[in-house]
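Here the structure is laid out as structure tokens; the discussion comes afterwards.
FYI, the numbering just counts along the sequence from 1.
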Amino acid sequence: MTEFVNHDIVKPALDKVIATILSQLQGNAVKVIWLSVDFRMLIAATGIKHTDAQKAACFILESVISSLDAEQTLIVPTFYFAFPQSKEFDKRNSPVQTGVFGGLLVEKYAGNRLVQPFYSFLVFGKQAEPLLNQRFLHSTGPDSIFEWVVAQNTRVIAVGHHYVKSLTSIHHAEQVAAVSYRYEKFFAGVLLDNEQQEPLQCGFYVRELGVCDFSSLTLRGDKKLRNEGIVASCLITGMRRPLLLHIVDHLPVHELLVADLNQPEPQFVDYYGPQRANVDVINSVIADQLYQAELSSLL
């Protein structure tokens, strides 16, 4: 296991974050855990030096892996969205476009990266081997990685950011409900593995250009999930700066969102675009504002 030895402030702070994460792994129903960490917020909270960033990321990951029981699986998002342009996917070299945490880990754990040219994950634990041997023709919808994620009632543990940034399964719900502003498009390329190449094809639920610029959970949806008790928050203090951790279980969220999207006028997921102003869709800017507002309200 990676050892993380640093000055007296950093190690206790990291241990506190890890202990809070581990507290959410308990319970027979928790079989798959999705771990997401905003590393910029983690550095600000703990004082990790940038030169120690990869060591700290590995220390967190390995601490969680060592605490999994025999039935649990851990996944970390390492998404890559340039496949339509690059026409290739390489587990080792295709950059992670969903945050520093996954990018730091891929450098050491590329062999644990799922072959999925859009929604790839690092996978560890009980179901790692079958997932690593599987090829998902679809990114969302039937026979997709997100159908698997939802079916496992995967628990999201989001550290240092609003949970909506880890709720990509919203697009799976949109495809299941067959929304009008997105459609599945297939992209072809190659899988690169050392010096070997093999054809790779995958569908992605793209936005209808000229109609949808962005779709996500709405402010009303956020309020609904919290009122239903589907989203929980945990404040981590006693560090240089406090951190907020969110816990979300995918299956009840998915069922609620699909039911809503099948209504004539959905409330909990929406989109905006050239002909449609944003009323209350939570984009990344709004998500950051909501995170900071919630954090302030708990201090």
Side chains of [X] and [Y]: closer than 4.5 Å at any heavy-atom pair?
X: Leu245; Y: Gln24; value: yes
X: Ile75; Y: Leu122; value: no
X: Val159; Y: Leu244; value: no
X: Ile236; Y: Pro242; value: no
X: Val211; Y: Gln275; value: no
X: Trp34; Y: Leu74; value: no
X: Ile157; Y: Ile33; value: yes
X: Val206; Y: Glu184; value: no

Using the ring centroid of each side chain, check whether [X] and [Y] are separated by less than 6.0 Å.
X: Tyr109; Y: Phe124; value: yes
X: Phe186; Y: His138; value: yes
X: Tyr119; Y: Phe204; value: yes
X: His246; Y: Tyr163; value: yes
X: Phe187; Y: Phe83; value: no

Separation of [Y] [atom2] from [X] [atom1] (nearest 0.5 Å):
X: Asp270; Y: Tyr181; atom1: CG; atom2: OH; result: 6.5 Å
X: Leu235; Y: Ser297; atom1: CG; atom2: OG; result: 9.0 Å
X: Leu105; Y: Glu62; atom1: CG; atom2: CD; result: 9.0 Å

Is a side-chain donor or acceptor of [X] paired with a backbone partner of [Y] at a separation under 3.5 angstrom?
X: Ser144; Y: Gly141; result: yes
X: Gln54; Y: Leu104; result: yes
X: Asn262; Y: Val258; result: yes
X: Thr154; Y: Val150; result: no
X: Asn112; Y: Val123; result: yes
X: Asn133; Y: Glu129; result: yes
X: Gln72; Y: Asp69; result: yes
X: Gln175; Y: His171; result: no
X: His162; Y: Tyr291; result: no
X: Asn153; Y: Leu251; result: yes

* Asked: Just checking, any donor-acceptor pair under 3.5 angstrom between side chains of Gln267 and Thr218?
  ->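 Judged by distance alone, the side chains do not pair up.
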According to a 4.5 Å side-chain heavy-atom criterion applied to Ile, Leu, Val, Met, Phe, Trp and Tyr, with indirect links allowed, do [X] and [Y] form part of one hydrophobic cluster?
X: Leu219; Y: Val253; result: yes
X: Leu295; Y: Ile286; result: no
X: Phe136; Y: Val32; result: yes
X: Val269; Y: Ile230; result: yes
X: Phe81; Y: Val115; result: yes

* Return each pair, listed once, that meets salt bridge (Lys or Arg N to Asp or Glu O under 4.0 Å) where at least one residue sits in residues 141-170; pairs must be two or more places apart or across chains. =>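 Those involving residues 141-170 are Arg155-Asp249, Lys165-Asp288.
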* To do: Start with the C-alpha gap between Leu42 and Phe101, add the side-chain angles, then the distance that decides, and say whether side chain to side chain contact (heavy atoms under 4.5 Å, CB included) holds.
  => CA-CA 10 Å; Leu42 184 71; Phe101 184 57; over 6 Å; no
Taking all atoms of both residues into account, what is the closest heavy-atom pair of [X] and [Y], and its distance?
X: Arg135; Y: Leu132; value: NH1-O, 3.7 Å
X: Ser139; Y: Ile145; value: O-CG2, 3.5 Å
X: Cys234; Y: Thr20; value: SG-CG2, 3.5 Å
X: Val156; Y: Ser166; value: CG1-CB, 3.8 Å
X: Gln97; Y: Ala82; value: OE1-N, 3.6 Å
X: Phe268; Y: Lys224; value: CZ-CG, 3.7 Å

* **Arg92/Asp90 salt bridge by N-O under 4.0 Å criterion** =>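 No salt bridge links Asp90 with Arg92.
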* Going by the side-chain hydrogen bond (donor to acceptor under 3.5 Å, both in side chains) test, which pairs reach into residues 207-216, not counting sequence neighbours? ->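 Passing the test, one end in residues 207-216: Glu174-Ser215, Arg182-Ser215.
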* To do: Sorted by first residue and then second, give each side-chain hydrogen bond (donor to acceptor under 3.5 Å, both in side chains) pair with at least one member in residues 73-85; sequence neighbours left out.
  =>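 Only Thr78-Arg113, Thr78-Ser120, Tyr80-Ser86 qualify under side-chain hydrogen bond (donor to acceptor under 3.5 Å, both in side chains).
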Around atom [atom1] of [X], are there more than 12 heavy atoms of other residues, nucleotides or ligands at under 6.0 Å?
X: Glu198; atom1: CD; value: yes
X: Arg276; atom1: CZ; value: yes
X: Arg220; atom1: CZ; value: yes

* Asked: For Asp193 and Lys91, what are the C-alpha separation, side-chain angles and deciding distance, and is it a salt bridge (charged side-chain N to carboxylate O under 4.0 Å, His left out)?
  -> CA-CA 7 Å; Asp193 187 6; Lys91 295 202 298 183; over 6 Å; no
* Taking it one step at a time, do Gln152 and Gln127 satisfy side chain to side chain donor-acceptor pair (under 3.5 Å)? -> CA-CA 11 Å; Gln152 301 297 314; Gln127 300 197 54; 3.1 Å; yes
* Determine, step by step, whether Glu71 and Lys31 satisfy the salt bridge (charged side-chain N to carboxylate O under 4.0 Å, His left out) criterion, reporting the C-alpha distance in whole Å, the side-chain angles of both residues, the deciding distance to 0.1 Å, and the verdict. => CA-CA 6 Å; Glu71 299 301 315; Lys31 300 301 182 187; 5.3 Å; no
* To do: Using the ring-ring contact (aromatic ring centres under 6.0 Å, His included) rule, take Phe79 and Phe121 through it: C-alpha gap first, then chi angles, then the decisive distance, then the call.
  => CA-CA 7 Å; Phe79 299 169; Phe121 292 87; 5.2 Å; yes
